[in-house]
There are 2 protein chains.
Amino acid sequence: MTRLQQQLAFAIEIDKLKEVLRQTRLLTNERRENSAEHSWHIALLAILLAEYASEPVDVLHVVKMLLIHDLVEIDAGDTFAYSAEPRAEQALREGLAAQRIFGLLPADQQTEFLALWDEFEASLTAEARFANALDRFMPFLHNFHGNGGTWRLFDVRYEQVLERMDPVRTGSPMLWDVVQALLDRAVEQGLLPTPQTE
Amino acid sequence: MTRLQQQLAFAIEIDKLKEVLRQTRLLTNERRENSAEHSWHIALLAILLAEYASEPVDVLHVVKMLLIHDLVEIDAGDTFAYSAEPRAEQALREGLAAQRIFGLLPADQQTEFLALWDEFEASLTAEARFANALDRFMPFLHNFHGNGGTWRLFDVRYEQVLERMDPVRTGSPMLWDVVQALLDRAVEQGLLPTPQTE
């Protein structure tokens with residue numbers, strides 16, 4: 001295959017991400033969200049909210065990570081945010097998926113895309129921390145504005161949400177303030193149970 | 001409203017793009033594609049295929065245009081590629097939509113996003129030409145690899161597809177070569193009628 005043929009095979013393969021369903025529902029509650037449209041939403045958020053990253057970020061780099069961060073789900077499926085599955089098993093499935101899916105690309109792009117995906121997962125750079133913050137923040141808004149969404153569907157505890165949102169705290173202090181304010185309101189409105197006192 | 005509240009209102013409003021259906025179907029033929037996941041797909045294509053732009057392009061700028069180019073459809077709906085509606089009527093509806101939707105944003109971002117959308121529509125810069133090429137190219141691949149897709153569903157003529165693909169010719173000569181080769185094969189395979197001789 002030529003370089004371009006490899007790239008087009010990849011372009012066609014990734015259409016499948018549109019059929020990977022997340023637990024999160026659209027704000028109209030019409031149906032579950034898929035991972036392709038979720039990726040669009042948070043890539044656009046990176047442009048919209050870049051000013052709130054903890055540190056100055058290369059926005060294109062953040063956007064690249066967000067556009068590809070869920071592609072492994074084509075093989076590995078979406079793992080629910082509050083899943084009890086051991087993280088090591090999920091990581092194994094996703095690693096194999098990354099090898100196959102990014103393996104469709106020419107060698108230089110395979111290396112680039114794998115590195116972007118690893119960077120997002122490791123969350124050690126300013127760009128990855130901000131990308132992870134957005135990946136947690138938008139589903140939080142969906143749940144808050146969607147009458148509790150998956151929190152109520154799956155009896156999620158306040159403490160679980162707080163832990164899940166930790167990347168927002170490190171990636172974007174301003175968005176973390178929003179999360180904290182909305183968490184209080186979510187408890188008041190009965191969308192989340194009250195925090196358990198120690 | 002504070003600046004951040006305006007931005008979050010916009011982030012929530014654009015969730016509706018996930019419910020705007022295009023005529024194009026997924027490659028599995030499972031269902032019609034929506035405009036949010038389409039935007040994700042071609043934004044990723046801009047990163048994947050940037051080397052094939054007619055002229056060197058600022059990739060972030062191309063990606064920004066592609067992520068927002070369909071937002072007006074939230075109010076104006078998707079216009080089918082081979083629609084007979086006068087272009088002026090569509091433009092009027094979309095202009096009003098742009099005013100309302102980008103009007104949710106703080107003034108500086110409203111100006112930026114409106115300018116990006118205008119630039120995409122006018123297609124006069126290298127970035128806009130490449131963005132428009134991708135916006136035409138991917139649905140072409142969907143139709144070719146999806147057993148004729150909307151070409152067969154709506155009895156589209158060969159000459160209509162050729163005209164519709166003209167932005168690919170100007171935006172990306174390499175992708176235009178692909179279009180020409182696949183058009184020949186589409187005719188051979190009966191996915192498109194034979195060209196009408198003058």
Side-chain angles (χ1 to χ4, degrees), chain A residues 3-5 7-8 10-19 26-28 30-31 33-49 51-52 58-64 66-68 70-71 105-106 109 112-113 116 134 137-138 141-142 144-146 174-175 177-178 182, chain B residues 3-5 7-8 10-19 26-28 30-31 33-49 51-52 58-64 66-68 70-71 105-106 109 112-113 116 134 137-138 141-142 144-146 174-175 177-178 182:
Chain A
R3 176 174 178 83
L4 180 52
Q5 284 171 332
Q7 290 162 323
L8 296 184
F10 178 82
I12 288 165
E13 175 68 19
I14 65 175
D15 203 57
K16 294 176 185 167
L17 194 64
K18 300 168 187 171
E19 296 183 78
L26 300 193
L27 281 164
T28 55
E30 188 67 31
R31 59 169 172 81
E33 186 185 37
N34 71 62
S35 293
E37 60 197 5
H38 157 70
S39 299
W40 163 77
H41 207 163
I42 58 176
L44 186 36
L45 250 62
I47 291 160
L48 181 70
L49 303 175
E51 66 196 91
Y52 305 117
D58 173 341
V59 175
L60 177 59
H61 199 79
V62 176
V63 167
K64 282 183 178 182
L66 291 174
L67 289 174
I68 69 156
D70 271 346
L71 284 175
L105 290 165
Q109 289 187 321
E112 182 195 355
F113 282 38
L116 285 165
L134 297 172
F137 182 68
M138 195 64 227
L141 286 188
H142 273 86
F144 181 79
H145 290 286
M174 278 285 281
L175 297 182
D177 288 347
V178 174
L182 295 185
Chain B
R3 176 175 179 82
L4 179 53
Q5 282 171 334
Q7 291 162 323
L8 296 185
F10 178 82
I12 286 165
E13 175 68 18
I14 65 175
D15 202 57
K16 295 176 183 165
L17 193 64
K18 300 169 187 171
E19 296 184 79
L26 300 193
L27 282 163
T28 54
E30 187 66 29
R31 60 169 171 82
E33 186 185 37
N34 71 60
S35 293
E37 62 197 4
H38 157 71
S39 299
W40 163 78
H41 206 163
I42 59 177
L44 187 35
L45 250 63
I47 290 160
L48 181 69
L49 304 175
E51 65 195 272
Y52 305 116
D58 173 340
V59 176
L60 178 59
H61 199 80
V62 176
V63 168
K64 283 183 177 183
L66 291 174
L67 289 174
I68 69 155
D70 271 346
L71 284 175
L105 290 165
Q109 289 187 321
E112 182 195 355
F113 282 37
L116 285 166
L134 297 172
F137 182 68
M138 195 65 227
L141 286 188
H142 272 87
F144 181 79
H145 291 287
M174 278 286 280
L175 297 183
D177 288 347
V178 174
L182 294 185

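Quick note on labels: first sequence line is chain A, next is B, and so on, each numbered from 1.
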**Request:** Output the option from B:L105, B:L66, B:L17 having the highest count of non-hydrogen pairs under 4.5 Å with chain A.
**Result:** B:L17
**Prompt:** Quick one: what part of B:F137 sits under 4.5 Å from any heavy atom of chain A, side chain, backbone, both or neither?
**Reply:** side chain
**Request:** Select one option (side chain, backbone, both, neither) describing which atoms of B:I42 are under 4.5 Å from chain A's heavy atoms.
**Result:** neither
**Request:** Could you tell me which portion of A:M138 (side chain, backbone, both or neither) has an atom closer than 4.5 angstrom to a non-hydrogen atom of chain B?
**Result:** side chain
**Item:** B:E51, part contacting chain A, at a heavy-atom distance under 4.5 Å
**Value:** side chain
**Request:** Name the region of A:Q7, side chain, backbone, both or neither, that has any atom closer than 4.5 Å to a heavy atom of chain B.
**Result:** both
**Request:** Work out which heavy atom in B:S39 is nearest to a heavy atom in A:W40; give both atom names and the distance.
**Result:** CB-CD1, 3.5 Å
**Request:** Name the member of A:E19, A:H38, A:M174 that forms the most heavy-atom pairs with chain B at distances under 4.5 Å.
**Result:** A:E19
**Item:** Residue, of B:L141, B:V63, B:L49, B:L45, that accumulates the most heavy atom pairs under 4.5 Å with chain A
**Value:** B:L49
**Item:** CG on B:L8 to CG on A:L48, rounded to 0.5 Å
**Value:** 8.0 Å
**Request:** Taking all heavy atoms of B:E37 and all of A:N34, pick out the closest pair and write down the distance.
**Result:** OE1-ND2, 2.8 Å
**Message:** What part of B:L26 gets within 4.5 angstrom of chain A, counting heavy atoms only: side chain, backbone, both, or neither?
**Reply:** both
**Message:** Any non-hydrogen side-chain atom of A:L44 less than 4.5 Å from a side-chain atom of B:L71?
**Reply:** yes
**Request:** Side-chain contact test, heavy atoms from C-beta onward, threshold under 4.5 Å: evaluate it for A:F144 versus B:I12 and give yes or no.
**Result:** no
**Complete:** Closest heavy-atom pair, A:L4 versus B:Y52, reported as atoms and distance to 0.1 Å, is CD1-CE1, 3.6 Å
**Message:** Less than 4.5 Å to any heavy atom of chain B: does that hold for the side chain of A:E33, its backbone, both, or neither?
**Reply:** side chain
**Prompt:** Is a side-chain N or O of A:H41 found less than 3.5 angstrom from the main chain of B:A11, in a donor-acceptor match?
**Reply:** yes
**Spatial distance of atom NZ (A:K16) from atom CD (B:E30) [nearest 0.5 Å]** = 13.0 Å
**Asked** Would you call B:K18 and A:R31 a side-chain contact if the rule is heavy atoms closer than 4.5 Å?
**Response** yes
**Request:** State, with a plain yes or no, whether a side-chain heavy atom of A:H142 is found less than 4.5 Å away from one of B:D15.
**Result:** yes
